[in-house]
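Down below is the structure, laid out as structure tokens.
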Amino acid sequence: MKPFRIILFLILLTACTPAPTPVVLPSPTATATLAPTQTPTLQPTASLDQLTFGIDPAVPPRLAETFSGFEVGASVASAAAADFWLGPADTDPASHWIYALVAPFPTITDEVSLSGLKSAWGGQPPDELAGQPILLTAATRLAFESLWGPPAAGAVQEFLSEPEIQAFAWENRPSWAILPFEDLNPAWKVLHVDAQSPYDPAFYPAAYPLAVNFSLTVSQRAAQTYAGLGLAVPALPASNRDPQKFTTVVITGTTAIVRTLAARIDEKGADYPAALIRDWLVSADITHISNESSFTPDCPAARWTSTTRMFCSTPAHVALFHDVGADVIELSGNHLGDYGADPIVFTLDLLADEGFLTYASGLNQESARQGITLEHHGNRIAFIGCNEAGPDYVWATETRPGAAQCDMDWLAAEVQRLKAEGYLPVVTFQYRESQGTHPMPWEIRDFRRMVDSGAVIVSGSQSHVPMTMEFYNGGFIHYGLGNLFFDQMTADKYRQEVIDRHIFYDGRYLGSDLLTAYLEDYSQPRPMTATERADLLTRIFHDSGW
């Protein structure tokens with residue numbers, strides 16, 4: 001990103017000073033006194049109410065708001081008549097404005113090329129963009145005209161605002177839109193353009209193709225007037241996407257380091273399970289793992305042929321959590337108490353000693369109900385969860401360690417409290433398992449209640465298969481993500497996995513990416529092929545009512 005620069009043309013007024021009279025030195029030891037040289041001063045050439053200001057109609061509203069309190073005389077509509085003119089710039093930009101190519105969230109297409117997008121602009125869309133014009137506001141159209149020239153007839157369709165674009169796009173899928181970064185929200189899917197998306201953790205704005213430069217041009221008389229009055233021209237924001245306001249949170253499904261998965265780690269190392277998807281997890285600012293089983297030094301050695309449903313994990317296998325950069329460990333699993341209370345206590349101590357934050361489990365009911373709060377780049381995020389499924393012996397009591405038993409009145413009140421304290425609550429459930437994609441009516445009721453209480457994300461940690469999702473009352477609900485690290489391979493549905501990457505920006509929940517994987521070797525997820533991903537998302541979106 002180029003540094004902020006305002007173009008100023010200053011005229012320095014100079015004054016001729018007569019040559020000083022020679023100084024007579026009365027004696028060799030006397031001190032000479034020299035007449036001071038006069039310093040030129042800048043004088044205003046106009047009053048403020050005589051200066052003019054104009055904004056090019058290509059400027060996005062959020063950038064134009066920078067000058068909402070700018071006090072000068074008349075507003076003008078042309079650069080030639082303006083003392084101050086804000087508009088697109090070819091060089092020396094003050095502001096690098098990021099835009100995104102978006103589609104309604106239940107869209108299968110993930111990426112287009114810049115050449116394909118420009119072809120669509122020119123009236124010859126590639127197959128992946130065929131069917132609908134590109135939706136945008138008049139300001140966005142003019143901004144991209146400054147880069148690509150006027151669009152072909154029928155290639156774009158203009159709207160007054162982002163809400164109008166979103167409503168039209170969802171009713172007329174497939175649809176495509178170009179929006180400024182600040183207009184994004186969870187109902188949009190952000191597409192990659194030439195392998196880049198402003199949702200990417202490693203986003204590189206200088207090389208991103210959907211960006212427009214803007215600058216403020218200042219006339220000679222305006223520059224001299226401001227300088228003479230000791231005033232500063234308002235500064236433009238460097239960009240509408242500040243990496244210091246950006247946070248990525250990855251939420252995952254079921255992990256149980258047991259049976260064949262554990263045996264594979266013993267054989268190939270703790271870095272084997274995540275070898276093909278590690279970057280998805282370690283690149284997040286906050287990585288969530290839902291761990292189903294307790295660690296204990298007395299855990300029997302893992303065996304390939306084991307089919308036991310009594311779960312425990314070897315303490316050394318906690319290295320897997322370090323390998324994926326885990327930060328937050330959810331302990332709501334219904335297998336935590338399979339080997340009794342002592343392993344639960346051991347697990348809490350082990351994870352704390354290893355530097356992980358845990359929630360949804362504790363030494364007693366009170367501590368199990370404590371959520372955790374984090375702040376990253378100004379985004380205040382809270383995690384809280386509980387176990388609804390049981391069994392009874394896994395639930396913490398006043399005197400027994402275990403998972404927090406779900407009490408929806410308590411949980412709703414806690415979510416409300418966290419929201420009131422300025423946090424963005426994320427609620428995760430160990431709910432009763434479903435072997436299909438659809439949630440039960442009572443599950444929908446409880447998940448939605450948490451959104452009504454203030455949660456921005458509600459996620460099911462219990463499901464071994466990917467389930468449906470919905471946008472509800474401003475929140476995102478995913479009823480189940482499937483497995484992450486587990487050894488289930490008896491059916492295709494158990495091998496399909498979804499990892500949700502959520503984007504927070506400037507104190508609000510901005511949106512999500514769905515990352516999809518497929519389990520191999522009873523232990524190692526790999527990124528899905530394009531066909532596998534399309535098949536899974538098509539089914540999930542259809543079952544979600546989209």
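As the structure is a computational prediction, the values presented were derived from the model and not from experiment. Values below: every heavy atom of this structure, side chains too, minus hydrogens, waters and symmetry copies.
Of the possible polar contacts, none joining the K189 side chain to the L514 backbone as a donor-acceptor pair under 3.5 Å is found. With H438 contributing its side chain and T468 its backbone, the two residues share no donor-acceptor pair below 3.5 Å. Between the side chain of E128 and the main chain of T109, no donor-acceptor pair closer than 3.5 Å is present. Using modelled atom types, one side-chain atom of N379 and one backbone atom of G507 make a donor-acceptor pair closer than 3.5 Å. Looking at T516, its side chain never comes within 3.5 Å of a backbone N or O of R533 through a donor-acceptor pair.
Using cut-offs of 30° and 60° for the angle between ring planes, the W170 and F471 rings count as perpendicular. In this structure, Y208 and F203 have perpendicular ring planes: the angle between them is above 60°, well past the 30° mark. The aromatic rings of W121 and W148 stand perpendicular to each other, their planes meeting at an angle above 60°, with 30° marking the opposite boundary. W97 and F214 have perpendicular rings, their planes meeting at more than 60° on a 0 to 90° scale where under 30° would count as parallel. H288 and Y359 have tilted rings, their planes meeting at an angle from 30° to 60° on a 0 to 90° scale.
By the 6.0 Å and 45° rule, R241 does not stack over the aromatic ring of Y505.
Ring centroid separation for the pair F144 and Y99 comes in under the 6.0 Å cut-off.
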